Amino acid sequence: MDTKNKGFDTKLIHSGDFENQFGAAVTPIYQTSTFAFKSANHGAALFDGKEKGYIYTRIANPTIDALEHKLADLENGFGAVVFASGMGAVSTLYAAMLKSGDHIVSSAAIYGPSRSLMETFFKDFGVASTFIDTSNLDEIEKAIRPNTKLLYVETPTNPTISLTDLKKASEIAHKHGVLLAVDNTFSSPYLQKPLDLGADIVLHSLTKFINGHADIVGGALIAKDPEIYARLRKTMTYFGANMDPHQAYMVIRGVKTLSIRVERAVENAIKVAEFLENHPKIAWVAYPGLKSHPQYELAKKQMKAPGTMISFGVKGGLKAGKTLMDNVHLALLAVSLGGVESLIQHPASMTHASLRKEARESAGISDELVRFSVGIENVEDIIEDLDNALKMI
Ligand SMILES: *Cc1c(COP(=O)(O)O)cnc(C)c1O
C-alpha cells in the first residue's frame, strides 16, 4: 500500500510491502542467489538498466528491497542500503565517502570498532581522523580542515550518553562543505530523525532497536540525496557486505513493533534511572531523561523521548563494577542493546578493554562506568534485581 502520507506506526507495519503472487500477508523470503532472465534480450535490458528487475542477490533482492524501502521511509530518506552487520555499514560508509588524503572529524565516544577501523585500516589507507567531543560545537568548528569530507556523529554517544545538537552540527558541517553522517543506533528512528535535522546520511546497527529481539545482526545506511545513495549502493555491491534475504525477513518482522517496544522500554528506563540516582552506592547517573543531565533540554528538543540507555558510576570503581556484574540475575551480562531483554555491561573490563587507555579516557570511560540497556520486563523486577546486586558491593 502507499504509506506516503501515513503515520510512523502505519509505516512500521506496511511500508515496503509489495504485491506478491499468493497475497501473503507478510513479505515472502526470496531465498535465491540468482534470478533467471526470460530471454537474452531481457538479460541485456536488466544489465543496461533499461528494464527494472532482479539479477543477483548481492545487487538486489525483493525481500531485501522491501526492508530498504521501509527503512528509507522511517528515516524520511531517499533510499536505504542494508548490510550483513552494522560494521558492514560503517566500513562501506567510510570506503564510499573517503579517499587517501581526506580527513574525517568524529565524535570520540563512538562505538569502539567504528573508531578502531578508522585509526587502523583507514589510517593505513591515508585517511586522517580527528576524534573530538562533538557535544561541544566549537570543537567541531576547530577540527574541520580544508580536506575534511565527513563529520561522523553518534548521539547519544556510546557509552557516555552525551548528546550532539544535530541541527547546529549540520549547519557547521555544511558551511564548510562537509557531509554529516549520524549513527542513529542508540535512538532508532522512533526517537530521533537525523535527516530531518540536517544530516546527510544515517547509519544503523539493525541488530539493536530496529530488529529488537537479539536474534540477528544487520546494518543500514540511509541517504537523503539520490547521488549519495547511488554511491553507497555501488560501494556495497562491490565490497559485498550485503544482507541475506532471511536476515531481511527477520528485521521486517522485528521492526513492526518498534514503537511499542521503545515506548515501554523508555517508561521503564525513566524509573530505573530515578532509582539509581537515589541509591547511596551510585556515584552518578547519565540519562537524558533526568533533570541532572546537562543536555536534558536538548534531548527534549531533538528526541521524542530520552531513550533506554543509562550509564552510571558505581562507588568503588573496577571492583564494585565487577561485583555488580556477578550478582545481577535478571539483566543479562552481555554487550549489545535495544532488545526486549535488559542487558548490563561494564565497558572498562569488557567492550572498551581493547582501546588504548588514553583513547578510553578521552572517550570518557572510567573504571566505575556501567551501561544498562533497559528492556521491557516488569520494571519492579528490573529494579529489584539491581537493588539486590548493589547490596553485595
Ligand atoms: C552495535 C553497534 C554498531 C555495530 O553494529 P553490528 O551490527 O554489531 O556490526 C555500530 N554502532 C553502534 C552505536 C552500535 O551500538
Side-chain angles (χ1 to χ4, degrees), residues 67 71 75 80-95 104 106-119 121-122 131 134-135 150 152-164 166 181-192 194 199 201-222 236 239-244 247-248 250-251 254-255 258 262 265 286 288 303 307-311 332 334-339 341 343-345 347 350-352 354-355 363-365 369 371-375:
L67 174 61
L71 295 175
E75 287 283 7
V81 185
V82 293
F83 298 87
S85 68
M87 285 312 297
V90 175
S91 55
T92 301
L93 171 74
Y94 291 169
I104 180 174
S106 167
S107 307
I110 55 170
Y111 186 67
S114 301
R115 178 165 175 161
S116 300
L117 179 65
M118 183 48 67
E119 290 184 319
F121 290 92
F122 280 83
F131 291 89
T134 50
S135 67
L150 197 64
Y152 186 85
V153 169
E154 203 174 298
T155 178
T157 48
N158 181 17
T160 49
I161 322 291
S162 86
L163 276 61
T164 295
L166 290 178
V182 177
D183 182 337
N184 202 28
T185 301
F186 262 47
S187 298
S188 88
Y190 174 70
L191 293 179
Q192 175 172 276
I201 301 164
V202 167
L203 185 146
H204 278 288
S205 167
L206 302 174
T207 317
K208 318 296 166 55
F209 287 101
I210 290 187
N211 181 60
H213 292 76
D215 50 11
I216 61 105
V217 293
L221 292 170
I222 300 115
M236 181 280 286
F239 278 70
N242 59 288
M243 186 174 267
D244 176 82
Q247 224 180 337
M250 294 290 281
V251 183
V255 75
L258 179 71
V262 178
M303 300 170 75
T308 72
M309 298 302 299
I310 302 171
S311 284
L332 300 177
V335 299
S336 197
L337 59 113
E341 54 289 284
L343 303 179
I344 195 164
Q345 68 117 335
M350 295 164 67
T351 48
H352 290 64
S354 71
L355 283 188
I365 295 158
L369 186 147
R371 195 184 80 170
F372 198 91
S373 172
V374 183

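Here the structure is a predicted model, which means the values were calculated and not measured. Start at 1 and go down the list; that is how both ligands and their atoms are numbered.
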(message) Counting non-hydrogen protein atoms only, what is the nearest one to atom 9 (O) of ligand 1? Give residue, atom name and distance.
(response) M87 N, 2.8 Å
(message) Need the ligand 1 atom indices (1-based, order shown) with element for anything under 4.0 Å from a heavy-atom of L337.
(response) 15 (O)
(request) Could you find the nearest protein heavy atom to atom 15 (O) of ligand 1 and give me its residue, atom name and distance? (result) K208 NZ, 2.7 Å
(message) Checking a contact table here: which protein heavy atom is nearest atom 6 (P) of ligand 1, and how many Å away?
(response) G86 N, 3.3 Å
(message) With heavy-atom distances below 4.5 Å as the criterion, would you say the side chains of L163 and P288 are in contact?
(response) yes
(message) Can you give me the closest heavy-atom contact between L150 and A181, atom names plus distance?
(response) CD1-CB, 4.1 Å
(message) Checking the side chain of R115 only, and the main-chain atoms of A108 only, is there a donor and an acceptor separated by less than 3.5 Å?
(response) yes
(request) Hey, could you give me the OG1/CG distance between T155 and N184, rounded to the nearest 0.5 Å? (result) 8.5 Å
(request) Rounded to the nearest 0.5 Å, what's the gap from CE on M236 to OG on S91? Could you check? (result) 12.0 Å
(message) For atom 11 (N) of ligand 1, what is the closest protein heavy atom, and at what distance to 0.1 Å?
(response) D183 OD2, 2.7 Å
(request) Would you mind reporting whether S114 and M87 have side-chain heavy atoms less than 4.5 Å apart? (result) yes
(request) Would you check if the side chain of Y152 reaches a backbone N or O of D183 as a donor-acceptor pair within less than 3.5 Å? (result) no
(message) With heavy-atom distances below 4.5 Å as the criterion, would you say the side chains of Y111 and T185 are in contact?
(response) no
(request) Could you check atom 8 (O) of ligand 1 against the protein and tell me its nearest heavy-atom contact, residue, atom and distance included? (result) Y111 OH, 3.7 Å
(message) Which of the numbered atoms in ligand 1 are under 4.0 angstrom from any heavy atom belonging to G218?
(response) 7 (O)
(request) Report the nearest protein non-hydrogen atom to atom 7 (O) of ligand 1: residue, atom name, distance rounded to 0.1 Å. (result) T207 OG1, 2.7 Å
(message) Show me which atoms of ligand 1 lie under 4.0 Å from any heavy atom of E154.
(response) 13 (C)
(message) Check this for me - ligand 1, N158, N or O atoms closer than 3.5 angstrom, yes or no?
(response) no
(message) For the 3.5 Å polar cut-off, considering only N or O atoms, please tell me whether S114 and ligand 1 meet it.
(response) no
